[in-house]
Structures are given as structure tokens and as C-alpha cells.
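All values below come from the heavy atoms of this structure, side chains included, with hydrogens, waters and symmetry mates left out. Quick note on labels: first sequence line is chain A, next is B, and so on, each numbered from 1.
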Number of protein chains: 2
Amino acid sequence: MTEQHPAPGVRGVSAAPRSDGLHSTKSLHAAKDIPQATVSRLATYLRVLSVMVDEGTLIVSSEELAAAAGVGSAKLRKDLSFLGPNGVRGVGYDVSRLRDRIETALGLDQGHRVVLVGVGNLGRALAGYGGFGRRGFAMVGLFDTAPGVVGTVVSELEVRDAGALLAACIELQPTIAVIAVPDEAAQNVCDRLVEAGLRCILSFTPVELEAPDHVEVRRVDLAVEMQMLSFRSARNAEIVDAEAATANQSRVPSTRLGRSRGPRSAATAASAPAQGTVANTTTNSKGSVVRQ
Amino acid sequence: MTEQHPAPGVRGVSAAPRSDGLHSTKSLHAAKDIPQATVSRLATYLRVLSVMVDEGTLIVSSEELAAAAGVGSAKLRKDLSFLGPNGVRGVGYDVSRLRDRIETALGLDQGHRVVLVGVGNLGRALAGYGGFGRRGFAMVGLFDTAPGVVGTVVSELEVRDAGALLAACIELQPTIAVIAVPDEAAQNVCDRLVEAGLRCILSFTPVELEAPDHVEVRRVDLAVEMQMLSFRSARNAEIVDAEAATANQSRVPSTRLGRSRGPRSAATAASAPAQGTVANTTTNSKGSVVRQ
DNA sequence: TAGATTGTTAATCGATTAACAATC
DNA sequence: TAGATTGTTAATCGATTAACAATC
């Protein structure tokens with residue numbers, strides 16, 4: 001790693017030699033005040049940059065990288081500025097260097113060892129999910145309680161008895177645990193993972209898990225994602241409805257069936273396929289291969 | 001449904017008879033300005049309320065509901081206020097009524113018909129995920145391209161050929177589509193779903209999908225969730241490190257191994273099990289059954 | 001030097017929070 | 001009426017955005 005700047009200075013214990021007096025308070029752990037929203041986007045930039053590295057791209061401007069990541073360039077530069085100076089003015093960013101920088105900032109450069117508890121449908125999918133391995137997360141242990149599952153091999157790992165979680169964690173030294181058990185069992189599993197010394201837990205159960213402050217629990221609720229989509233679809237249907245009501249007021253008063261059932265029927269009507277609005281969307285499709 | 005108030009007035013096309021002059025601009029589609037963050041939390045409240053209905057709870061205060069959902073009561077009341085008045089001052093909220101109210105606001109009261117494209121590991125897990133059905137999402141169609149998969153039965157549905165997507169959508173009338181295909185195929189699948197008239201798409205591929213404005217695409221990137229955990233763990237390790245460096249300055253200068261490899265080794269050290277910090281977490285666990 | 005692009009500023013926008021008036 | 005709790009306000013906090021000075 002060739003260092004252009006004296007020291008990146010965002011991480012590391014010793015006070016960074018920043019020329020300006022900014023961030024002087026709490027200077028010891030500046031990484032703390034990177035906003036969550038920024039961290040999430042950094043992960044996205046990282047993925048895009050990895051693709052660029054593979055393609056052999058050497059330099060990228062904030063404009064290009066932002067476009068590829070689907071954000072504005074101002075936001076991108078602001079996000080990157082939390083990591084200290086990363087680019088060269090008038091030139092752009094060194095792709096591979098910036099990737100490494102973000103990787104380090106996210107704590108990914110050492111890799112992570114992941115244990116997964118709950119080898120049901122979802123657990124199996126997660127265990128076999130290539131996206132993890134590709135991004136530095138190694139599955140090192142699978143656990144379940146069902147006798148029919150314990151002992152079987154899933155994604156090249158033998159499923160262990162969840163009762164042996166604590167002992168296994170001492171052996172496996174995981175840095176992250178994933179919970180994919182039924183709702184009722186989740187809190188108990190969480191407690192035992194905390195006992196075993198885990199500090200990072202990703203839960204796929206909708207229940208809010210209680211854990212000590214020093215343990216970070218993230219929850220992914222797949223149904224919530226769908227419900228947010230549902231809201232947008234209902235909202236859109238309503239707007240379409242409202243516009244139709246005002247714009248076409250003089251023409252056909254109500255072209256839709258089931259209006260008597262109230263505005264709710266709009267949601268169903270809005271999803272009707274293949275008329276008018278659909279036609280001009282096909283022109284929008286651009287080939288069958290993914291392009292950034 | 002017994003209506004206490006003359007009309008909820010947040011949805012619906014006709015102007016709502018609000019006594020105050022608020023939201024008078026753009027009054028036609030007030031639902032538009034419910035913040036995303038609020039929508040997401042509404043989904044959480046809905047889940048908690050459903051549990052309460054099942055338990056036979058009739059009335060709940062903002063304080064209680066907020067606690068159960070893991071948010072502050074002020075935030076909860078603010079969130080609910082976007083739906084219009086829902087409670088009774090001095091009393092609280094009618095649990096079942098509030099649940100229905102949120103369900104309607106999220107557009108869930110009519111249910112949703114979901115098609116899923118890509119019946120690999122993840123697709124299978126999603127197809128069999130009970131959390132969807134339990135919350136009003138019905139899987140109505142599974143699609144794949146692999147000859148070995150097409151025709152097989154997964155979660156009580158026969159997998160169809162993805163080539164017949166458009167025709168099938170006319171028949172199935174889905175309101176939501178889920179994409180769980182390999183990255184390279186995602187954009188193509190997305191284009192064809194748009195062609196088929198879908199307006200709500202949930203994608204599990206990390207690639208940013210292009211779609212017309214009237215189509216809502218949500219992306220769930222499982223690796224990003226892990227990466228955010230990773231960041232927090234690295235940050236925590238760093239803080240622990242920094243505190244140790246300042247507090248124990250006069251004592252042992254460096255108690256950890258591998259310090260020569262730079263601050264990054266802190267992440268590994270922080271995950272070491274079972275000493276000091278672990279002891280007081282076991283007292284925190286409260287029985288083995290999930291309790292809200 | 002001229003051209004280009006970063007890193008940073010300051011203004012805007014939006015979300016959170018605490019406090020309280022309204023009112024059951 | 002007195003007690004309780006909602007719905008709303010206004011202040012605070014944080015994130016986004018556009019513009020530009022710094023500088024390669």
C-alpha cells in the first residue's frame with residue numbers, strides 16, 4: 001500500500017495530524033460519527049468499486065461512481081469525506097485504493113467468521129448465499145435443534161446441535177452471528193449468543209430482541225419490505241385515482257368497476273396489466289445484460 | 001367497522017373535513033407525505049398490534065405500544081398522527097381498530113398477490129417463508145428458467161417457465177413481484193416484470209435496477225446488512241482500544257497480541273469470548289420464552 | 001497556466017424529541 | 001371535576017444538496 005497522504009487518520013489510536021482544527025473534540029474515535037446512512041452507502045460504493053476493479057478500471061470520478069451507485073455526486077463526495085481525503089483534485093479516485101479504504105473503514109479487511117443458528121428454509125438459503133462469501137464473510141458454523149437436521153451437511157458444513165453453541169463459539173471464534181430460527185426461539189438464541197461473547201447479531205425474526213448495549217443487533221424483517229412496497233402501491237393508486245377524478249371529470253365519471261367498495265379497490269385496479277401506460281415502458285428496457 | 005370519527009380523512013379522494021387548516025395544500029393525496037421512516041415503523045406497530053389482538057388486549061396506551069415496538073412514545077404518537085386521529089385522549093388506542101387503520105393505510109387490507117422469479121436457495125426460502133402469508137401476502141406464482149426446476153412443486157406451487165411470465169401475469173394478476181435470480185439476470189427479469197405491468201418489485205440482487213418512475217423497486221442487500229454490522233464492530237473495537245489506551249495508560253501499555261499488525265487486529269481481539277464483560281450479560285437474560 | 005474535480009461549506013430539507021394544550 | 005393520555009407544536013438534531021474554493 002503506497003501512502004500518498006501522511007496518514008488517513010480517521011481510524012487508528014494516535015491523534016491524526018489533520019491540518020484543520022475540525023473534529024478536534026472526541027478526536028480519538030472519529031469513526032463514531034459516520035452517519036448510518038453513509039455507512040450503508042459506503043457498502044454500496046464498495047460493491048460498485050469491486051466490479052470496477054475486476055473490469056480493470058483504474059480511475060473514477062465522483063460523477064461516474066455516483067451514477068453507477070445510483071446516488072448524487074455531492075452525496076458521494078460528502079460520504080467519502082468522512083474517511084478523510086481519498087481522491088486527487090482534477091483527476092478523480094484511484095479505484096483500487098478507494099476500495100481498500102472503504103473495506104478498511106467498514107472493518108472488512110480482516111474478513112468475518114459467521115455462525116448461523118436455525119437451518120430451516122431461510123437458514124439454508126443464507127448458508128448457501130454466494131453474496132456473503134464473495135464479500136468476505138465466511139460461514140464457519142451452522143446450528144439447529146431439530147434431530148433430523150443436526151448432523152446433516154448443508155453447504156459443506158455439518159449442522160451442529162444448538163446446545164453446543166457456547167463451546168463451539170470458543171472453538172470457532174465467530175465475529176458475527178445470524179439468527180434464522182422461529183420467532184419464539186429467537187430471544188433465547190440471542191441470549192445464548194451474547195453469553196458466547198458475540199457482539200454482532202443479524203436477526204431475521206420480526207421480534208425486537210433484547211440485548212446488552214455493547215451488542216449490536218440488526219434486524220431484517222422481510223415482510224416489512226413488502227409492506228413498504230404495499231404502501232407505495234396504495235399511495236400511487238390513490239394519486240392515479242385522484243388525478244383521474246379531477247382531470248377526466250368532464251368525461252367518463254367513473255371508468256372502474258367496484259367503485260362502490262370505496263377507494264380501496266383502486267389498489268386492485270391499479271395493478272391491471274398491459275394498457276396504455278405499459279406501452280412506453282418497453283422502450284425503456286435496454287438489452288438483456290446487466291449494465292451499470 | 002364502527003366509525004367513531006366522521007371520517008378518517010387521510011385517504012380517500014374527497015377533501016377530508018379537518019377542523020384545522022393544516023395539510024390544506026396538496027390535500028388530494030395526503031398519504032404522499034407520510035415519511036418513509038414512519039411507514040417502516042407503522043409496519044412494526046402493525047405486527048405488535050396483531051399480537052395484542054391475538055392476546056385479547058382491547059386498549060393500549062402510546063406508552064405501552066411504544067415500549068413493545070422499541071421506540072419512544074412521542075415518536076409513536078407523531079407517526080400515528082399522520083393517519084389522523086386514532087385514539088381517545090385520557091384513554092388510549094382501541095387495539096383492533098388501530099390495527100385495521102394501519103393495515104388500510106399500508107394498503108394491506110385487500111391482501112397482495114405475489115409472484116417470485118428465481119427459485120434457487122433464496123427463492124425457495126422466500127416461497128416457504130411463513131411471515132409473508134401471515135401478514136397478508138399470498139404467493140401465487142413461482143418462475144425459473146432452469147429445466148430441472150421448472151415443473152417441480154415448491155411450497156405447493158408448480159414452478160413455471162420464466163418465459164411465460166407475461167402471459168402468466170395476465171392470468172395471476174399479481175400486485176408484487178420478488179426477484180431472487182442471479183445478478184446477471186436481474187435487470188432482464190425486472191424489464192419483463194415491468195412489461196407485464198408490475199408496479200412493485202422487491203429485489204434481492206445487489207445490483208441497482210433501472211425501472212420507470214411509476215415502478216417502485218425496493219432492494220434488499222443481505223450483505224450490506226452484514227457490512228453495517230461489521231462497521232459497528234470495528235468501531236466498537238476501536239473505542240475499546242482507545243479507552244484502554246488512555247485509561248490504562250499507566251498500567252500495561254499493550255495487553256493484546258499482534259499489536260504490530262496495526263489497529264485492525266482489534267476487531268479480532270474484541271470478539272474473544274468469555275472474560276469480564278461476558279459475566280454481567282447472563283444476568284440480563286430473562287427466561288427462554290419470548291416476551292414483549 | 002487552464003481545465004478539471006475534489007473536499008468543504010453553508011443553506012435547505014426532513015426527522016426526532018420534549019413539552020403541553022386539548023379533551024376524553 | 002380530576003386524572004390521564006392523546007395530538008400537535010416548536011425546538012433540536014441530523015442528513016441532503018448545491019455551490020465553490022482549494023488544488024491537482
Using atom [atom1] of [X] as one end and atom [atom2] of [N] as the other, report the distance to the nearest whole Å.
{"X": "B:Arg77", "N": "C:dT16", "atom1": "CZ", "atom2": "P", "result": "15 Å"}
{"X": "A:Glu64", "N": "C:dT5", "atom1": "CD", "atom2": "P", "result": "8 Å"}
{"X": "A:Phe82", "N": "C:dT6", "atom1": "CZ", "atom2": "C1'", "result": "16 Å"}
{"X": "A:Leu83", "N": "C:dT8", "atom1": "CG", "atom2": "C1'", "result": "15 Å"}
{"X": "B:Asp79", "N": "C:dT17", "atom1": "CG", "atom2": "P", "result": "10 Å"}
{"X": "A:Leu76", "N": "D:dT16", "atom1": "CG", "atom2": "C1'", "result": "13 Å"}
{"X": "A:Asn86", "N": "C:dT5", "atom1": "CG", "atom2": "P", "result": "17 Å"}
{"X": "B:Glu63", "N": "C:dA19", "atom1": "CD", "atom2": "P", "result": "13 Å"}

Would you check if [X] and [Y] make a side-chain contact, meaning some heavy-atom pair closer than 4.5 Å?
{"X": "B:Met228", "Y": "A:Ser40", "answer": "yes"}
{"X": "A:Val215", "Y": "A:Asp213", "answer": "no"}
{"X": "B:Ile59", "Y": "B:Thr57", "answer": "no"}
{"X": "A:Asp109", "Y": "A:Asp100", "answer": "no"}
{"X": "B:Lys78", "Y": "B:Arg41", "answer": "no"}
{"X": "B:Asn86", "Y": "B:Asp94", "answer": "no"}

- Using heavy atoms to find the nearest nucleotide of DNA chain C for A:Ala74 and A:Val91 separately, return the residue whose nucleotide is more 5′. A:Val91
Name the pairs: protein N/O against N/O of nucleotides 21-23 of chain C, kept only if under 3.5 Å.
unit_1 : atom_1 : unit_2  : atom_2 : d
C:dA22 : N3     : B:Arg89 : NH1    : 2.8

- Message: Check the phosphate of C:dG7 against A:Tyr93, side-chain N and O only, distance under 4.0 Å to OP1 or OP2. Yes or no?
- Response: yes
- Item | A:Thr44 side-chain N/O to A:Ala69 backbone N/O, donor-acceptor pair under 3.5 Å | no
- Of B:Ser62 and A:Lys75, whose nearest nucleotide on DNA chain D comes first from the 5' end? B:Ser62
- Indicate whether the side chain of B:Arg77 and that of B:Ser62 have a donor and an acceptor atom separated by less than 3.5 Å. yes
- Message: What I want to check is whether the side chains of A:Thr205 and A:Asp183 have a donor and an acceptor closer together than 3.5 Å.
- Response: no
- Message: For A:Glu208, is there an ion pair with A:Arg219 - N to carboxylate O distance below 4.0 angstrom?
- Response: yes
- Message: As a check on the pairing definition, encode DNA chain D in dot-bracket form, counting Watson-Crick and G-U wobble pairs whose two distances are under 3.5 Å, and using | for partners outside this strand.
- Response: ..||||||||||||||||||||||
- If the plane angle is over 60° it's perpendicular, under 30° parallel, otherwise tilted; pick one for B:Phe137 and B:Phe132. perpendicular
Pull out every protein N or O sitting under 3.5 Å from an N or O of nucleotides 10-15 of chain D, one pair per line with the distance.
none

